[in-house]
Amino acid sequence: MRAGDELAPLEVAITRTLIVAGAVASRDYQDVHHDPEAARAKGSPDIFMNILTTNGLVGRFITDHFGPKAVLRRVAIRLGVPNRPGDTMVLRGTVEEVDGDTAVVRVTGENGIGRHVTGTVTVTVPALVPVPGTGEEAR
């Protein structure tokens with residue numbers, strides 16, 4: 001991994017089920033995340049995703065790229081426009097800096113109405129080491 005490396009984009013379909021399941025899993029029972037009528041009464045055209053679900057999707061994006069042994073050290077995100085049912089969010093990332101086996105990745109996520117999330121993730125990726133007698137490397 002080197003500064004400037006770009007991660008392959010990740011497309012996430014924003015479904016009603018994803019929004020509600022993410023809210024329930026993170027114990028966020030605010031009605032705007034599961035009740036369309038309540039969301040409309042509060043000025044939104046429909047339910048929308050909570051920040052904890054977005055945070056989890058950003059984490060998935062990083063570990064999908066760096067592998068299951070990657071360790072998220074810091075996730076700092078800020079939300080913009082909402083993720084609503086029927087849209088698609090595309091996550092993109094660029095490695096900003098590398099120090100040994102730790103990198104800082106700039107992450108953005110956009111949907112059909114604009115930028116949903118911006119932030120940075122600090123991730124540690126165990127170094128590859130040669131496996132004696134095999135010619136292969138392992139973490």
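All values below were derived from every heavy atom in this structure, side-chain atoms included, with hydrogens, water molecules and symmetry-related copies excluded. The structure presented is a predicted model; accordingly, all values stated were derived computationally and were not measured. Numbers here are sequence positions counted from 1.
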Greater than 12 external heavy atoms within 6.0 Å of R16's CZ:
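Above 12, so yes.
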Surrounding CZ of R74 (heavy atoms of other residues, nucleotides or ligands, distance under 6.0 Å), is the total greater than 12?
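For R74, atom CZ is not crowded (no more than 12 foreign heavy atoms under 6.0 Å).
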If every non-hydrogen atom of [X] is compared with every non-hydrogen atom of [Y], which pair is closest and at what distance?
X: A23; Y: T53; value: N-OG1, 3.8 Å
X: P9; Y: V90; value: CB-CG1, 4.0 Å
X: P85; Y: D46; value: CG-OD2, 3.7 Å
X: N50; Y: G22; value: ND2-O, 4.2 Å
X: G59; Y: L72; value: CA-CD1, 3.7 Å

What residues form a salt bridge (charged side-chain N to carboxylate O under 4.0 Å, His left out) with E96, not counting sequence neighbours?
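Partners of E96 by the salt bridge (charged side-chain N to carboxylate O under 4.0 Å, His left out) criterion, ordered by chain and then number, come out as R106.
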Within the 4.5 Å heavy-atom criterion, are [X] and [Y] side-chain neighbours or not?
X: I19; Y: M49; value: yes
X: M1; Y: V125; value: yes
X: V32; Y: S44; value: no
X: P82; Y: N111; value: no
X: V95; Y: L7; value: yes
X: F66; Y: V105; value: yes
X: D31; Y: K42; value: yes
X: H116; Y: L79; value: yes

Other cluster members, V71 - Ile/Leu/Val/Met/Phe/Trp/Tyr, side-chain contacts below 4.5 Å
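In the cluster with V71 there is nothing else; it is isolated.
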Main-chain N/O of R84 paired to D87 side chain as donor or acceptor, under 3.5 Å:
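Not at all, since once roles are kept as given, no pair shorter than 3.5 Å links the two residues.
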Among L10, I14, L18, find the residue that satisfies the side chain to side chain contact (heavy atoms under 4.5 Å, CB included) test when tested with M89.
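Of all the options given, the one that passes is I14.
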Pick out which of V104, V58, V75 makes a side chain to side chain contact (heavy atoms under 4.5 Å, CB included) with T120.
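Between T120 and the candidates, side chain to side chain contact (heavy atoms under 4.5 Å, CB included) is satisfied uniquely by V104.
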State the CD1-CZ distance between I47 and R40, to the nearest 0.5 angstrom.
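Here the interatomic distance stands at 10.0 Å.
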When rounded to the nearest 0.5 angstrom, what is the spacing between CZ in R115 and CZ in R78?
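These two atoms lie 13.0 Å from each other.
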Is it the case that one hydrophobic cluster holds both L91 and L52, taking links as side-chain heavy atoms less than 4.5 Å apart, direct or via other members?
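Per the 4.5 Å side-chain linkage, L91 and L52 are co-clustered.
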Transitively linked via ILVMFWY side-chain contacts under 4.5 Å: I51 with V107?
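Linked within one cluster.
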As a quick check of understanding, evaluate side-chain contact (heavy atoms from CB on, under 4.5 Å) for N55 and I77, giving each step before the final call.
CA-CA 7 Å; N55 194 66; I77 61 171; 3.7 Å; yes
Report yes or no: do T102 and T124 form a side-chain donor-acceptor pair below 3.5 Å?
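Checked: T102/T124 side chains pair up, N/O donor to acceptor below 3.5 Å.
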For the residue pair N83 / T54, report whether a side-chain donor-acceptor contact shorter than 3.5 Å exists.
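No, because no side-chain N or O of T54 sits under 3.5 Å from a partner of the opposite role on N83.
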Just to verify, what does F48 make a ring-ring contact (aromatic ring centres under 6.0 Å, His included) with, not counting sequence neighbours?
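If we apply the ring-ring contact (aromatic ring centres under 6.0 Å, His included) test to F48, skipping adjacent residues, the hits are H33.
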